[in-house]
Amino acid sequence: MTRPVSRAAVERWLATRGWKPFAFQREVWHAMAEGRSGLLHANTGTGKTLAAWLGALQALRVEAPPARVRAKPVAPPLSVLWITPMRALAADTTRALRDPMTDLAPTWTIGLRSGDTTSAERSAQDRRLPTVLVTTPESLTLQLARADALDTLAHVQLVVVDEWHELLGNKRGVQVQLALARLRQRRPDLICWALSATLGNLEEALATLVGVRAPARDASAPEPALVRGEVAKTIVIDTLLPERAERFSWGGHMGLRMLPQVVQAIEEGGTTLVFTNTRSQAERWYQALLEARPDWAGVIALHHGSLAKEVRDWVEQGLKAGTLRAVVCTSSLDLGVDFLPVDRVLQIGSAKGIARLLQRAGRSGHAPGRPSRVTLVPTHSLELVEAAAARHAAQAGQVERRHSPHEPLDVLVQHLVTIALGGGFVPDALYEEVRTTTAYRDLDASNWQWCLDFVRQGGPTLASYPDFQRVAPDELGVWRVPDARLARRHRVNIGTIVSDASINVQYQTGGPLGSVEESFVARMKPGDCFLFGGRMLELIRIHQMTAYVKKAPPGRGAVPRWNGGRMPLSNTLADAVLRELDAADHDVFDSPEMQCVRPLLDIQRRWSALPTPTALVAETWKDREGWHLFLYPFAGRQVHLGLASLLAWRAAQPEQATFSIAINDYGLELLSAREIAWAERLPALLVVPDEPNALLSEVLASLNATELSRRRFREIARIAGLIFQSHPGERQSNRQLQASAGLYFDVFQKYDPGNRLLAQAESELLSQELDVAQLAAALRRMSGQRLVAITLARPSPLAFPLMVERFREKLSNESLSDRIARMVADLEGRAGGDAVGTAHEDAKTVFARPAMAETATEAIQLDRVDPPRRAPRSRRRPRA
DNA sequence: GACCTGCTGCGGAATG
């Protein structure tokens, strides 16, 4: 059992070591010694330092001189769990802890348990667990799924969760919350420490870590500590300016026009990380840099999540060794192993948020006393405003918040099976345990009962399938997994990460290169070329989820499009942008960026008006296409999608109308074939209903919510164990996976509408994809703003990118068959009921009520740009 | 007149 240690004892111990710690380190040691949990926010070099703290803790508790000296020192049992969100970071931490400098007691052993751990190492660990186990959330959950889990984990005194800010806001973090609740059940005095980067809500992050404490039992428990460990650190945020902002693109994203400035910036510095927002952008930029400077071949490199591990490892080694001049990367290098030689970071395009910008800045100058430097490279003119806004917000310490997901039942269902495997559970006790987590603190009995029923027999529709009778109570009332096959299947499917469809890319003779999206390869035929991993490759054939390729001569080829996430502009940053515009409206241009973009803002002011925190600008314009409305709420693209659909839906209430919708991070466009008196109608259309659920149902009605939830459901079905992502030996293509998720969705909708996973899909859609809470806030703010209605003579600088957005959508090069399939589904949906709108895959909505003209135009357009490659069916009959 | 996007993260164990 842990015993509180006095502060004096800590000081004595420090004196014997001769350490001169930072004040915040001392604070953490004291808190740990008193048995307190806590969160440390530090802006630099926490990993290595904390390794030393472990030494402190261990020395205080375990290394106390033994009363009787044993003949042979025995390693203590598993006492410390160190959780990191990444395997690479886990390996790095393990190395740091094993370093003699860390000064752990000689009897202590350090183990690493992750996907990188070999089966030999696994079995060695199973025989004897190390004293400190460095692991990932998934591997920890696997430990919990072992029959002897409670015994092996019974001696854990301390859990450290590294990069907690990365886990806090997602289902992986919920998985950690549940695991911690489990450990605390056995040891109520468990000490938990989280390490976090800059976050807008540190208190909440700490509360989520330590969970909800039962007042009766924990009255005497010490208060958790929040330690702010900021070390004086200079962060330089500057911007590469275009020669003339006027001539600078108004809606672009690639930013290659800035190539000369970027080349020069790389020349100036030592090692530079070049962050891009997308993988294809990284590919293009890497290629462009090599074309500009062929002599950099071999000293610049490319790094993103679709490249093979071997390739990425090579790049990371090069960065550590300082042999690389520059690496073009995506957020794959946001986290993890620190690369000391990096002294400058370039950010191509918007960083989308202050926290991300600071995180990336911190990748450079990663040593005490050295400044971090991030240089923004705007890809269109309005990003100059964003750059100025980001710097001001960062200086003011305005950083985004992150919240734990609320009651994700899919994760809970998975957890129930895990615990049933890990020694079994008694429902009432586990209910209490689960409710000590922040995520499930409000879990009511009916949701709990539903989850129990679901793991027991899959609900009414699946009751007759033995595969879904996963857990059952034994004669003592302990719920267990009775079937060894189901047990194994559960273990290989533990986790909450649901990946996109992907196909491996590999040389015909040689190693793996990485992976591309299944749909991208499906469009290609042998002989087609594409740019990947910085090389031009020619497709030879596809076999068993692998695309075999060979080198192709450089030239024009497609660049893979990966379907990644869509990062919306954070509210914190959007608000900062509005403040910059407000200053500009008062003729204050106090930064180089704002001076540079001034001509454009002046045009906006001359032709229209500048949106500010108090002025809502609504522009209308008529052209051949119809009547346009441009609106600039600056609420991020997610909110704009919901808002645009809602406005269109409301506007179409009294009279039928058809709208096309375009959105970006700054605003939205509604295009209608008929004139709408927006200036008069907008105030009424922006009303927030008093009843909160009224807004929800309006938003749901305005979108094709069923189709959107259905897509959302895939992830939920996977996590809840309805479908399986991987199966040793029988690799299933993700298409099949998608199809079966859709099947379950349909079956539940029809025969089991009370299935709570359906409700979860809808609520995740509303809260995460559409961000209804923010939508309501945006509406409220807009209704308080002064409406500035402008009739444009031509599209304003702010309007133009929105028009491009819509234009690009029409020129989509996705496969024709997919498109047609969706349109058919669309039509069916419309014919079937009162559906007034549909949102399709790219989150741009085509509104039709009830006409179908829009769809028809789209089909014609598409035909023109993307003629079907294959010969018509009739000619492809097999030869006799 | 202006343009051509969409990230990251994880992972069994029995058998011979």
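Remark: the backbone N or O of A:Gly349 is paired with a side-chain donor or acceptor of A:Gln347 at under 3.5 angstrom. Looking at A:Glu163, its side chain never comes within 3.5 Å of a backbone N or O of A:Pro85 through a donor-acceptor pair.
In this model, the phosphate group of B:dC10 is not approached by any side-chain N or O of A:Ser114 to a distance below 4.0 Å at OP1 or OP2. Regarding contacts with the backbone of B:dC10, every side-chain N or O of A:Thr496 stays at 4.0 angstrom or more from both OP1 and OP2. Note on A:Arg356: every side-chain N or O is 4.0 Å or more away from OP1 and OP2 of B:dC7.
Not counting sequence neighbours, A:His165 has no partner by the ring-ring contact (aromatic ring centres under 6.0 Å, His included) test. In terms of the side chain to side chain donor-acceptor pair (under 3.5 Å) criterion, A:Arg356 has no residue partners (sequence neighbours excluded). Applying the side chain to side chain contact (heavy atoms under 4.5 Å, CB included) rule to A:Gln143 yields the partners A:Arg113, A:Arg146; only residues at least two apart in sequence or on another chain are considered. In this view, A:Ala149 satisfies the side chain to side chain contact (heavy atoms under 4.5 Å, CB included) rule with no residue, not counting sequence neighbours. With sequence neighbours left out, the ring-ring contact (aromatic ring centres under 6.0 Å, His included) criterion links A:Tyr666 to A:Phe634.
Atom CZ of A:Arg402 is separated from atom P of B:dT8 by 15 Å (rounded to the nearest Å). In this structure, CG of A:Leu798 is placed 16 Å from P of B:dC3, rounded to the nearest angstrom. Rounded to whole Å, atom P of B:dC4 lies 10 Å from atom CZ of A:Phe800. To the nearest angstrom, P of B:dG11 lies 11 Å from CG of A:Leu140. The nearest whole Å value for the distance from the CD1 atom in A:Ile663 to the P atom in B:dG6 is 15 Å. Protein atom CG of A:Leu382 is 17 Å distant from nucleotide atom P of B:dT5, rounded to whole Å. As rounded to whole Å, 11 Å separates atom C1' of B:dC7 from atom CD of A:Glu166. Atom-to-atom, CG of A:Leu144 to P of B:dC10 comes out at 19 Å; the value is rounded to the nearest Å.
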Pairs under 3.5 angstrom, nitrogen or oxygen only, protein versus nucleotides 13-15 of chain B, please.
residue: B:dA13; atom: OP1; partner: A:Arg491; partner atom: NE; Å: 3.2

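Comparing B:dG1, B:dC7, B:dC10 by their closest approach to the side chain of A:Ile497 singles out B:dC10. The listed nucleotides are B:dG12, B:dG11, B:dG9; the one nearest the side chain of A:Arg172 is B:dG9. The side chain of A:Arg257 approaches B:dC3 more closely than any other nucleotide in the set B:dG11, B:dC7, B:dC3. Distance from the side chain of A:Met567 is smallest to B:dG6 among B:dG1, B:dG9, B:dG6. When distances run from any side-chain atom of A:Met254 to the nucleotides B:dC10, B:dT5, B:dG6, the shortest one goes to B:dT5. Closest to the side chain of A:Ser332, from the set B:dT5, B:dT8, B:dG11, is B:dT8.
Comparing A:Arg87 and A:Ser280 along DNA chain B, the residue whose closest nucleotide (by nearest heavy atom) sits nearer the 5' end is A:Ser280. Place A:Pro85 and A:Arg284 on DNA chain B by their nearest nucleotides, and A:Arg284 ends up nearer the 5' end.
Among the heavy atoms of the strands lying under 4.0 Å from A:Ser139 are primed sugar atoms or P, OP1, OP2 only; no base atom is included. Within the 4.0 angstrom heavy-atom criterion, no nucleotide atom of any strand lies near A:Gly495. Base contact: A:Lys352 has a heavy atom under 4.0 Å from a base atom.
Remark: the A:Ser331 side chain and the B:dC7 base include a donor-acceptor N/O pair separated by less than 3.5 Å.
Between A:Arg363 and A:Asp334 there is no salt bridge, since none of the side-chain N atoms of the basic residue sits less than 4.0 Å from a carboxylate O of the acidic one. Between A:Asp483 and A:Arg470 no salt bridge is recorded (no basic side-chain N to carboxylate O distance below 4.0 Å).
With its glycosidic angle within 90° of 0, B:dG12 adopts the syn conformation.
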